[in-house]
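The structure under discussion appears below in the form of structure tokens.
Everything quoted here is computed from the prediction, not taken from an experiment. Below, each value reflects all heavy atoms present in this structure, side chains not excepted, and no hydrogens, waters or symmetry copies. Naming: A, B, ... by sequence-line order, numbering from 1 per chain.
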There are 2 protein chains.
Amino acid sequence: MINGRFAIAIHILTLLSMEDGLSSEYIASSININPVLVRKELSRLRKANLIETREGKNGGSSLACSPRKITLADVYKATYEQPLFNHSRSKPNPSCPVGIRIGKMMDEVNDEAEAALLKKLKSISIEKLVKQAG
Amino acid sequence: MINGRFAIAIHILTLLSMEDGLSSEYIASSININPVLVRKELSRLRKANLIETREGKNGGSSLACSPRKITLADVYKATYEQPLFNHSRSKPNPSCPVGIRIGKMMDEVNDEAEAALLKKLKSISIEKLVKQAG
DNA sequence: TAATTCTGTAATCTTTATTATTACAGTACA
DNA sequence: TGTACTGTAATAATAAAGATTACAGAATTA
């Protein structure tokens, strides 16, 4: 439903929780996607201060803090900008009493749903996730 | 993020909570999308027993029960089949210790996240939503 | 019973989103 | 200075979403 970028971000952070200084090419070969996509995802994670990257020869990325402190809520927020539930693409008919209000209704639904989702995601750290699946 | 079908389904049910026997064409003109898309969405809602439809002349759709009993969790489940969080499209590298486990990890994350989301959505009925935005 | 007005669904086309790829400048190390 | 990385822009390929057309079937009503 939601696109695969969340899974990709989690995959990256899991790899980095096990080893420092991994190259985008190495990471890409584990996820089996293009290294440029990895670098884009790394870029988002870096902006959110979840990872650090060294450029140049022998460069690569590492976690910026303990995997215990990185939660899936952090990852979610770093990965997505748009609200969870989109509006319909076409503008509803404003002369219909429902059409005129549906946008606001969806915003309210989205706010509540997203808050509930993030609360749950906040309770799952990368460390916990890795141990659980170990 | 998630596609607009959830918003469309909510829009439909909101309209039907105010008036019975609405045609797909009428509904489509409020949402401002193609009537065939409305009929497809109605088909899903009908399979979930949320609405009933009369075919033929003067036909149309109506709620199958009180809008107080229809929750957004019902709507969500009727609207989507796939899990909330997709896996990455490409199969991860099975010779990597993370690649081999990421699928299971994502399934666990998804189950927890989806449960939290549905719990919240269950607390919002169509009636409540309409009154709130009124 | 025939015309009318709905629905249901398949098939196809268009548009948008996602992912892949290419290209190349910049950085750090040896 | 050569090598091996990153960052990012631009473009191409692929997949998903949505729109449209088409038509058979159902119920009403004239």
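- Following rounding to the nearest Å, B/Asn86 (CG) and D/dA15 (P) show an atom-to-atom distance of 15 Å.
- Residue A/Ser61 places no side-chain N or O under 4.0 Å from the OP1 or OP2 atom of D/dT6.
- Regarding contacts with the backbone of C/dA20, every side-chain N or O of B/Arg89 stays at 4.0 angstrom or more from both OP1 and OP2.
- Summarising the geometry, the separation between CD1 on A/Ile8 and P on C/dT18 is reported as 12 Å, rounded to the nearest angstrom.
- In this structure, A/Arg44 atom CZ and C/dT19 atom P are separated by 10 Å, rounded to whole Å.
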I'd like to compare against my own output: the B/S/- annotation of nucleotides 25-30 of chain D with a strict under-4.0 Å heavy-atom distance to protein. -BBBS-
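- DNA chain D lies under 4.0 Å from at least one heavy atom of each of the following residues of residues 16-25 of chain A: A/Ser23, A/Ser24.
- Following rounding to the nearest Å, B/Ile31 (CD1) and D/dG18 (P) show an atom-to-atom distance of 12 Å.
- The closest donor-acceptor contact from the side chain of A/Ser123 to the backbone of A/Lys120 lies under 3.5 Å.
- Heavy atoms of A/Ile33 sit under 4.0 angstrom from primed sugar atoms or phosphate atoms, though from no base atom.
- B/Ile51 places its CD1 atom 11 Å from the C1' atom of C/dT7, with the value rounded to the nearest Å.
- Put simply, OH on B/Tyr26 is 18 Å from C1' on C/dT5, counting in whole angstrom units.
- Linking Ile, Leu, Val, Met, Phe, Trp and Tyr residues whenever their side-chain heavy atoms come within less than 4.5 Å leaves B/Ile100 and A/Ile12 in two separate clusters.
- For B/Asn32 and D/dG18, the CG to C1' distance is 13 Å, given to the nearest whole Å.
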Distance-only donor-acceptor pairs under 3.5 Å for side chains of residues 32-41 of chain B, two or more places apart:
unit_1: B/Asn32; atom_1: ND2; unit_2: A/Lys91; atom_2: O; d: 2.8
unit_1: B/Asn34; atom_1: OD1; unit_2: B/Val36; atom_2: N; d: 2.9
unit_1: B/Arg39; atom_1: NH1; unit_2: B/Ser24; atom_2: OG; d: 3.1
unit_1: B/Glu41; atom_1: OE1; unit_2: B/Arg5; atom_2: NE; d: 3.2
unit_1: B/Glu41; atom_1: OE1; unit_2: B/Arg44; atom_2: NH2; d: 3.2
unit_1: B/Glu41; atom_1: OE2; unit_2: B/Arg44; atom_2: NE; d: 3.4

Identify every side-chain donor-acceptor pair in residues 52-61 of chain A under 3.5 Å, counting partners at least two apart or on other chains, and give the distances.
unit_1: A/Thr53; atom_1: OG1; unit_2: A/Arg46; atom_2: NH1; d: 2.8
unit_1: A/Thr53; atom_1: OG1; unit_2: A/Ser61; atom_2: OG; d: 3.0

Please write out each protein N/O paired with an N/O of nucleotides 21-24 of chain C under 3.5 Å, distance rounded to 0.1 Å.
unit_1: C/dT21; atom_1: OP2; unit_2: A/Asn34; atom_2: ND2; d: 3.2

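- A pairwise comparison of heavy atoms in A/Cys96 and B/Ser30 identifies SG-OG, 3.0 Å as the closest pair.
- Among pairs with a residue in residues 11-41 of chain B, none fulfils ring pair (Phe, Tyr, Trp, His ring centres under 6.0 Å), at least two apart in sequence or across chains.
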